[in-house]
Amino acid sequence: MASAELRIIRRRIASVSATRKITRAMELIAASRIVKAQQRVLQSRPYVSRLIEVISNVGRDSGGSGHLLSEVRDVSTVGMVIISSDRGLAGAYNANLIRMAERAIGHHTLEGRDTRLFVIGKKAQGYLRFRGYRIDQSFNGMTDQPNYGHARAVANLVIESYVSEEVDAVEVFYTDYRSVLHQVPTRVELLPVHPPAQESEEEAGSVSYSYEPSPEEILSRILPRYIEAATFGFLLESSASEHASRQRAMKAATDNAAELTKVLTRVANQARQAEITTEISEIVGGAEALMASDR
Amino acid sequence: MARPFSVDVVSPEGTLWSGDAQFLVARTTEGEIGILAGHEPLMAALAAGAVLIDHDDDQRTTIAVHGGFMQVVENRVTLLTDRAKITAGDRDEAIEEARRLAESESPGF
């Protein structure tokens, strides 16, 4: 008959190894998702870089006339797009990003600027709502596998509130994916659109395009596309970062569970041995008592 | 044989088609336009419709495009489309497909 102590330890071992199986599975899933997410980040890059090329060309030929989306205003209200994840179990992924965003909100408030929050992902929504921030718009179900439609929905909202002068600038908080081991919470200014830096001045300056329709018209069509594409890029980067963070967190959890199982097994062995020793000494003690009474 | 020029069809989801072509037809907001090698630098807004690319002597690829931009510079044509799909078959099918792309664009997502 196993003692109570031994039974409790055995039960814990069973529970820890069951947890280990789960975290291991999540680790493997995240690892396979990283590869896919990484590919999508790479695939989306040519589009954005070509768009920027076109914008800088068109921007020059339209005589640098300010388009609505690149018009700089006095900032009294800042729109903040915060990209977090829907699910936790990803280490410090959400915590790092939310901390950065919250600090920025505090900074804006201190400077007397109002903020509008557009929050993607349940985690940041939960946190900010609990802290009593007003969330103006929230999006769910985007971050796991973002598609262009998601980006467009966010971009439309952002553009709309900028054009209607509800906000005078838009910042995006996302997690930049540098490598599997390195992801950085990042803040970028999305609106007003800054004219992208001309990379090679003389080369680009030598071409004069003919336009169909006018450069101004093309610019006004292309800038919204640029906002969409940039947003799509942020979503993809964040998604890759989320999967990478989750993989690392789950790997740590799996390792810890393995370690814990090892320790618990030792304790269980000790308890079993102690039980056997007690039993033997009881038998020996009983036998000796019998022999003593026989005499 | 017409001289070739390079074509890239790029969408946010990736590069859709890339290669050398002899002739290309696209539909801009102003009307249809044909591109041969040595075309002058051009920047155009695309309308929804079919893009035809003649390449490798006698092959023709049709791509349904839902808006975007075309840049022609130094014998390089770049089509930036927000949505596009390579369609097998002729241009009527591509136009039909472009219409479907446009209609599947539900406003709410």
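In this structure, A:E217 and B:T29 have side chains that are not in contact, with every pair of non-hydrogen atoms separated by 4.5 Å or more. No side-chain heavy atom of B:T78 sits under 4.5 Å from any side-chain heavy atom of A:E53. Here the side chains of A:R50 and B:D8 are in contact, with some heavy-atom distance below 4.5 Å.
Taking CD1 from A:I222 and CE from B:M43, the interatomic distance works out to 7.0 Å, rounded to the nearest 0.5 Å. The distance from the OG1 atom of B:T15 to the OH atom of A:Y47 is 12.0 Å, given to the nearest 0.5 Å.
In the displayed structure, A:E160 atom CD is contacted under 6.0 Å by at most 12 heavy atoms of other residues, nucleotides or ligands.
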| query | When you look at B:E13 and A:F232, which way does the side-chain contact (heavy atoms from CB on, under 4.5 Å) test go after all the steps? | reply | CA-CA 9 Å; B:E13 309 268 355; A:F232 188 50; 4.1 Å; yes

| Worked check of side-chain contact (heavy atoms from CB on, under 4.5 Å) between B:D82 and A:R152 | CA-CA 10 Å; B:D82 14 334; A:R152 175 171 286 182; 3.1 Å; yes

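Neither the backbone nor the side chain of A:L42 comes within contact range of chain B; no heavy atom of the residue lies under 4.5 Å from a heavy atom of that chain.
Smallest separation of non-hydrogen atoms from A:I218 and B:F69: O-CE2, 4.0 Å.
Across A:A229, A:P213, A:S210, A:A151, the residue that shares the most heavy-atom pairs under 4.5 angstrom with chain B is A:S210.
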